[in-house]
Number of protein chains: 2
Amino acid sequence: MEVEATPLWKVIAAGLRADILEARYTPGAPLPSETALAERYNVSRPTVRDAVKALVLEGLITVIRGRGTFVRPVPDRYLIMLGVEPRHDIASSAYNSEGQNQGWLRWPIPDPELPEADVYGISNVLPADRETAMLMGLRTGHSVVRRYSVWFHAKVRTRIEVSSFINADLIPDFTRADLVGELDAVYRHLEKGRGPVSWADTVTARMPYENERERLEIEAGAPILLIRRIMYSRDGQVLEMTEIRGAAEHYETTSVDVSSDQDQSRSAPKSAEGGRVILAL
Amino acid sequence: MEVEATPLWKVIAAGLRADILEARYTPGAPLPSETALAERYNVSRPTVRDAVKALVLEGLITVIRGRGTFVRPVPDRYLIMLGVEPRHDIASSAYNSEGQNQGWLRWPIPDPELPEADVYGISNVLPADRETAMLMGLRTGHSVVRRYSVWFHAKVRTRIEVSSFINADLIPDFTRADLVGELDAVYRHLEKGRGPVSWADTVTARMPYENERERLEIEAGAPILLIRRIMYSRDGQVLEMTEIRGAAEHYETTSVDVSSDQDQSRSAPKSAEGGRVILAL
DNA sequence: CATCATTTGTGCGTATGTATC
DNA sequence: AGATACATACGCACAAATGAT
């Protein structure tokens with residue numbers, strides 16, 4: 001009732017945060033129960049819950065219903081390497097057979113209405129939404145061919161989504177079989193008469209929507225990393241946009257190192273990190 | 001009371017989310033008040049507030065006390081270009097005078113105990129915390145020289161933090177004056193006898209802590225983008241680690257395009273994006 | 001300038017459901 | 001089966017910010 005300068009839940013959150021960061025509660029250890037904390041801080045349980053929510057959002061703790069609240073271990077981040085030549089059509093289902101993606105398994109797409117053949121990869125034509133259109137230099141609603149798949153990695157224990165968008169005008173006579181067929185068939189077709197192609201990789205992050213959180217099994221309050229790769233024709237036309245989404249706490253990107261000198265010494269730091277590389281684009 | 005399969009607040013969140021994404025509430029427009037929503041959905045205000053919180057975390061709405069709840073406009077993302085040669089010592093306060101960083105202004109560091117000379121950039125020696133040590137291949141607690149500054153850009157209207165860490169053993173006799181002096185003086189010193197150097201840029205994201213949120217004026221529930229640049233000696237030793245932190249909703253990174261062909265055609269897509277580039281590292 | 005209605009922020013007490021051990 | 005812990009939800013009260021009167 002009495003109005004403190006700072007809200008009670010913030011005071012409690014600060015206390016718990018300090019306890020965690022200064023290792024009085026170590027990773028994996030349980031925090032006191034909400035009722036216990038309520039007594040200790042002399043507040044009601046809803047107030048404690050506000051503090052708990054704040055720390056969940058900071059990624060410091062995980063709450064497990066029926067069990068308790070636990071300090072989150074800091075997860076290792078695996079490396080996604082950008083700019084690796086030659087670039088492949090990673091949205092093709094044939095990419096699975098490549099050696100480069102060892103450890104990645106196709107994950108069934110959780111859509112009950114999906115035809116049997118598409119559980120591991122959808123390809124369809126749809127109107128571009130605002131954001132996709134902007135990225136591809138098209139008008140909103142322009143037809144694009146979308147290929148979508150979900151991948152799982154046993155080591156990382158999380159999933160990523162791969163979406164590819166191609167201006168439908170560029171591949172008017174492609175069938176579904178063509179799209180899911182041989183690796184790089186789509187790229188070779190796109191490149192014909194338009195090459196040499198160039199690429200731009202961009203990386204950013206945002207908070208997931210509810211459905212994304214569930215699809216990718218992202219913890220509450222954790223951001224997703226957005227990795228986009230755009231393929232340009234010789235004259236600057238967008239040929240393809242590929243987007244990869246995954247939990248930011250599990251991944252970081254790195255670009256291939258282009259030393260101005262031709263010296264191969266740069267392999268030294270790379271090899272040190274080599275064990276963390278889990279995907280090359 | 002009756003237990004629905006999905007919580008009421010999720011149902012309400014889903015309804016509002018659809019209303020926003022399908023533009024029934026347009027960017028900038030106010031949502032109905034919490035009491036109005038409570039009546040409309042026939043629930044209590046705390047329940048509505050749970051739904052509202054969820055949408056705030058998804059970045060869809062902003063809540064302003066005393067005024068109401070509003071649909072967030074999607075902000076433009078500015079480009080931070082990685083891998084631009086030659087690389088400069090962006091942590092040096094002399095970097096300010098470069099042409100490359102036009103638009104960036106040094107922001108005073110909000111620490112009342114700071115000596116007058118350091119309001120625009122701290123440099124000090126401290127023990128490396130666990131994460132920094134890991135990134136630099138040092139033991140936790142090893143002495144590192146840290147340089148820290150905050151920058152503001154009028155166009156983006158947000159701030160970024162730049163931190164540089166150097167193994168203190170590598171510059172034992174550097175004074176504060178040396179560190180804040182001529183551009184690239186530190187780099188030239190580090191490179192002496194250890195070059196040619198190589199670089200690795202990494203990008204990831206996480207949720208900010210409370211104090212970071214306030215320092216960088218990041219909206220509640222918005223992630224920060226972490227951009228790290230590591231400078232390696234010829235034999236793979238870490239010479240410097242630079243980290244940039246900013247609100248992920250305002251920035252994305254892009255790596256310079258290294259086409260295998262020497263053809264300069266790649267300037268085409270670049271120029272299309274040129275206007276968005278706000279920083280080159 | 002003061003006042004008032006509106007709107008969100010904080011906090012308590014309570015009740016009931018459900019997962020885990 | 002019972003104890004414990006978290007999840008959802010309601011109703012209420014008051015504080016504080018805002019904008020209009």
Side-chain angles (χ1 to χ4, degrees), chain A residues 1-16 20 25 28-72 210 213-214 217 219-221, chain B residues 1-16 20 25 28-72 210 213-214 217 219-221:
Chain A
M1 221 74 79
E2 306 77 36
V3 183
E4 308 261 335
T6 55
L8 287 180
W9 66 265
K10 276 198 181 184
V11 175
I12 298 167
L16 293 175
I20 293 167
Y25 298 120
L31 262 57
S33 75
E34 293 178 352
T35 25
L37 288 172
E39 282 180 29
R40 170 186 303 183
Y41 284 99
N42 210 1
V43 297
S44 71
R45 194 161 81 91
T47 303
V48 168
R49 280 177 65 77
D50 283 342
V52 167
K53 271 177 212 158
L55 297 186
V56 168
L57 292 188
E58 292 174 18
L60 287 175
I61 61 179
T62 313
V63 178
I64 305 178
R65 178 178 186 167
R67 294 204 27 213
T69 306
F70 303 86
V71 178
R72 278 260 292 278
E210 258 293 307
R213 267 204 37 235
E214 284 157 16
E217 268 191 335
E219 306 251 356
Chain B
M1 220 76 75
E2 308 75 35
V3 183
E4 308 261 336
T6 56
L8 287 179
W9 66 265
K10 276 199 182 183
V11 175
I12 298 167
L16 293 176
I20 293 168
Y25 298 119
L31 262 56
S33 76
E34 293 177 354
T35 25
L37 288 172
E39 283 180 29
R40 170 187 304 185
Y41 285 99
N42 209 1
V43 296
S44 70
R45 190 160 82 95
T47 303
V48 168
R49 280 174 66 77
D50 282 343
V52 167
K53 271 176 213 159
L55 298 186
V56 168
L57 292 187
E58 292 174 15
L60 286 174
I61 60 180
T62 313
V63 179
I64 305 177
R65 179 177 185 167
R67 289 225 293 144
T69 306
F70 304 86
V71 179
R72 279 262 292 279
E210 259 292 307
R213 269 205 34 236
E214 286 158 15
E217 271 192 334
E219 306 250 356

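All figures in this text were calculated on a predicted structure; none of them were measured in a lab. Proteins get letters first, then strands, A, B, ... in listed order; numbering begins at 1 in each. For the numbers below, each heavy atom of this structure counts, side chains included, while hydrogens, waters and symmetry mates do not.
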Q. Does the side chain to side chain contact (heavy atoms under 4.5 Å, CB included) test come out yes or no for B:L31 and B:V52, once each step is laid out?
A. CA-CA 10 Å; B:L31 262 56; B:V52 167; 5.8 Å; no
Set out, line by line, the N/O atom pairs under 3.5 Å between protein and nucleotides 17-21 of chain D.
unit_1, atom_1, unit_2, atom_2, d
D:dG19, OP1, B:R67, NE, 3.4

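Evaluation of the side chain to side chain donor-acceptor pair (under 3.5 Å) rule for A:Y25 yields A:R40 as partners, not counting sequence neighbours. Evaluation of the side chain to side chain contact (heavy atoms under 4.5 Å, CB included) rule for A:P30 yields A:F70 as partners, not counting sequence neighbours. Every residue meeting the side chain to side chain contact (heavy atoms under 4.5 Å, CB included) condition with B:E34, not counting sequence neighbours, appears here in chain and number order: B:R45, B:V48, B:R49. The salt bridge (Lys or Arg N to Asp or Glu O under 4.0 Å) test applied to A:E219 returns A:R72, not counting sequence neighbours. Take B:E214 and apply the salt bridge (Lys or Arg N to Asp or Glu O under 4.0 Å) test, not counting sequence neighbours, and it matches no residue. Considering only residues two or more places apart in sequence or on other chains, A:A29 meets the side chain to side chain contact (heavy atoms under 4.5 Å, CB included) condition with A:T26.
Residue B:L37 contributes atom CG, which lies 15 Å from atom C1' of C:dT6 at whole-angstrom precision. Rounded to an integer number of Å, the gap from CG of A:L8 to C1' of C:dG13 is 15 Å. Atoms CD (B:E39) and P (D:dC10) sit 13 Å apart, rounded to a whole Å. Atom-to-atom, CZ of A:F70 to C1' of C:dA19 comes out at 12 Å; the value is rounded to the nearest Å.
Closest to the side chain of B:P7, from the set D:dC6, D:dA9, C:dT7, is D:dA9.
The stretch residues 40-57 of chain B comes close to DNA chain C through B:R45, B:R49, each having a heavy atom under 4.0 Å from the strand.
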Name every donor-acceptor pair, under 3.5 Å, that has one atom in a side chain of residues 54-67 of chain A and the other anywhere in the protein, sequence neighbours excluded.
unit_1, atom_1, unit_2, atom_2, d
A:E58, OE1, A:R17, NE, 2.8
A:E58, OE2, A:R17, NH2, 2.8

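The shortest distance between the side-chain N/O atoms of A:T69 and the OP1/OP2 oxygens of D:dC6 is below 4.0 Å.
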